[in-house]
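Shown next, in structure tokens, is the structure this report addresses.
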Amino acid sequence: MAKKYWLFKSEPNAYSIYDMEKDKTTFWDGVRNYQARNFIRDDMKKGDQVLFYHSNAKPNAVAGICEIIKEGYPDFTAFDPDNKHFDPKSKTDEPAWFMVDIKFIKKFKNAVTLEEIKNNTKLKNTRLVQRGNRLSVFPIKKAEFDEIVKMSK
DNA sequence: GCCAACGTTGGC
DNA sequence: GCCAACGTTGGC
């Protein structure tokens, strides 16, 4: 199975690439959208590459690269009433929500801003620049991943 | 099953 | 802070 490529959004106020660099690895909890859940549960494989994107940031930008190190498993934060991601719909014997673990690979020397991405015609089909895109994790093409990495240099 | 109301996301 | 987009909820 060929390696796949993903984009994960995070608000740096909540969790940034700097936190990621410090932590080395993290679990990607709190995804509460079914389409995103399906990507996490069904399609993400160990070794897949992840672009780490800062949303609601100054500026909005792809900030670095991570890698999936643990495939989809139940998001335990959904089971904990004290957790802000608690969801009573999710049961331990029938989990509604899933997460993966990722590890830090690198922080871009130059973060690739949303503006730069919008101005690059090679990237005009990524979900990132499409209207009303609210998915917090989604697949991107290898060519698009490579192009963004190139722009960070 | 429809759809209005509501909450959240996320760019600007 | 505003607002468009869109997912979810709940009344009917």
Side-chain angles (χ1 to χ4, degrees), chain A residues 4-23 26-44 48-68 71-102 104-141 143-152:
Chain A
K4 289 191 291 299
Y5 299 86
W6 304 94
L7 187 142
F8 284 22
K9 285 183 198 166
S10 184
E11 301 197 14
N13 289 340
Y15 196 83
S16 73
I17 192 79
Y18 302 100
D19 299 314
M20 188 75 234
E21 182 176 35
K22 180 159 51 73
D23 292 346
T26 193
F27 51 87
W28 203 257
D29 65 319
V31 173
R32 297 291 179 267
N33 168 285
Y34 288 104
Q35 205 182 341
R37 187 278 310 270
N38 293 344
F39 288 138
I40 290 174
R41 187 189 58 189
D42 305 332
D43 296 334
M44 292 183 187
D48 287 358
Q49 302 295 112
V50 173
L51 291 176
F52 194 110
Y53 177 76
H54 286 164
S55 64
N56 280 318
K58 290 177 185 172
N60 296 322
V62 177
I65 300 174
C66 297
E67 180 178 318
I68 291 173
E71 297 176 9
Y73 62 105
D75 180 343
F76 53 80
T77 66
F79 306 139
D80 176 3
D82 295 328
N83 193 288
K84 69 172 177 175
H85 298 305
F86 174 63
D87 182 354
K89 284 199 303 293
S90 192
K91 309 282 168 41
T92 47
D93 57 348
E94 204 181 333
W97 305 117
F98 287 75
M99 58 187 176
V100 291
D101 288 358
I102 60 174
F104 176 81
I105 300 290
K106 72 178 294 186
K107 183 153 53 67
F108 283 157
K109 189 173 296 175
N110 301 298
V112 181
T113 64
L114 183 59
E115 190 184 5
E116 291 169 326
I117 289 169
K118 281 183 169 173
N119 289 336
N120 187 329
T121 53
K122 289 180 190 165
L123 298 173
K124 68 173 189 294
N125 291 322
T126 67
R127 291 187 195 229
L128 198 56
V129 298
Q130 283 166 9
R131 208 164 59 124
N133 166 42
R134 296 171 62 210
L135 268 185
S136 61
V137 307
F138 55 84
I140 66 168
K141 295 192 179 71
E144 295 164 345
F145 180 94
D146 291 343
E147 181 66 17
I148 289 172
V149 170
K150 205 170 94 188
M151 290 163 75
S152 74

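Values below: all heavy atoms of this structure, side chains included; hydrogens, waters and symmetry mates excluded.
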Exercise. Quick one: does A:Asn56's side chain have a donor or acceptor within less than 3.5 Å of a partner on A:Glu11's backbone?
Worked result: no

For this session: Verify the contact: side-chain N or O of A:Tyr53 to OP1 or OP2 of B:dT9, cut-off strictly under 4.0 Å; return yes or no.
Result: no

Problem set entry | Residues from residues 117-127 of chain A lying under 4.0 Å of DNA chain C - heavy atoms | none

Seminar exercise, completed: In short, the helix from B:dG1-C:dC12 to B:dC12-C:dG1 is bent end to end, axes from five pairs each side, to 10°, by 10°

Exercise. So, is A:Lys9 close to the B:dG10 phosphate, meaning a side-chain N or O under 4.0 Å from OP1 or OP2?
Worked result: yes

Problem set entry | Rounded interatomic separation in angstrom, taking CG from A:Asn13 and C1' from B:dT9 | 14 Å

For this session: Run the ring-centre check on A:Phe79 versus A:Phe86 and record whether the distance is less than 6.0 Å.
Result: no

Exercise. In whole angstroms, how far is the P atom of B:dT9 from the CG atom of A:Leu128?
Worked result: 17 Å

Problem set entry | Value rounded to 0.5 Å, distance of CH2 in A:Trp28 from CD1 in A:Ile68 | 11.0 Å

Exercise. Can you check whether A:Phe39 and A:Trp6 have ring centres sitting under 6.0 Å from each other?
Worked result: yes

Seminar exercise, completed: Sorted by chain and residue number, the side-chain contact (heavy atoms from CB on, under 4.5 Å) partners of A:Asn60 (sequence neighbours excluded) come out as A:Tyr53, A:Ala57, A:Leu114

For this session: Could you check A:Ile117, A:Asn120, A:Val149 and say which one makes a side chain to side chain contact (heavy atoms under 4.5 Å, CB included) with A:Val112?
Result: A:Ile117

Exercise. Between A:Asn60 (CG) and B:dG10 (C1'), how many Å, whole number?
Worked result: 8 Å

For this session: Check whether any side-chain heavy atom of A:Pro74 lies under 4.5 Å from a side-chain heavy atom of A:Trp97, and answer yes or no.
Result: no

Exercise. Listed by chain and number, what are the side-chain contact (heavy atoms from CB on, under 4.5 Å) partners of A:Lys107, not counting sequence neighbours?
Worked result: A:Ile17, A:Tyr18, A:Glu21, A:Phe104

Exercise. Does the distance from a Lys or Arg side-chain N to an Asp or Glu carboxylate O, for A:Asp42 and A:Arg37, drop under 4.0 Å?
Worked result: no

For this session: Return yes if a side-chain donor-acceptor contact under 3.5 Å exists between A:Tyr73 and A:Asp101, otherwise no.
Result: yes

For this session: Quickly work out the A:Glu11 CD to B:dG10 P distance and round it to whole Å.
Result: 7 Å

Could you list the donor-acceptor pairs under 3.5 angstrom formed between side-chain atoms of residues 88-96 of chain A and any protein atom two or more places apart in sequence or on another chain?
from, atom 1, to, atom 2, distance (Å)
A:Lys89, NZ, A:Asp87, OD2, 3.3
A:Ser90, OG, A:Ala96, N, 2.8

Atom pairs under 3.5 Å: protein N/O with N/O of nucleotides 4-8 of chain C:
from, atom 1, to, atom 2, distance (Å)
C:dA5, OP1, A:Arg131, NH1, 2.7
C:dC6, OP1, A:Arg131, O, 3.4
C:dC6, O4', A:Arg134, NH1, 3.3
C:dC6, O2, A:Arg134, NH1, 2.2

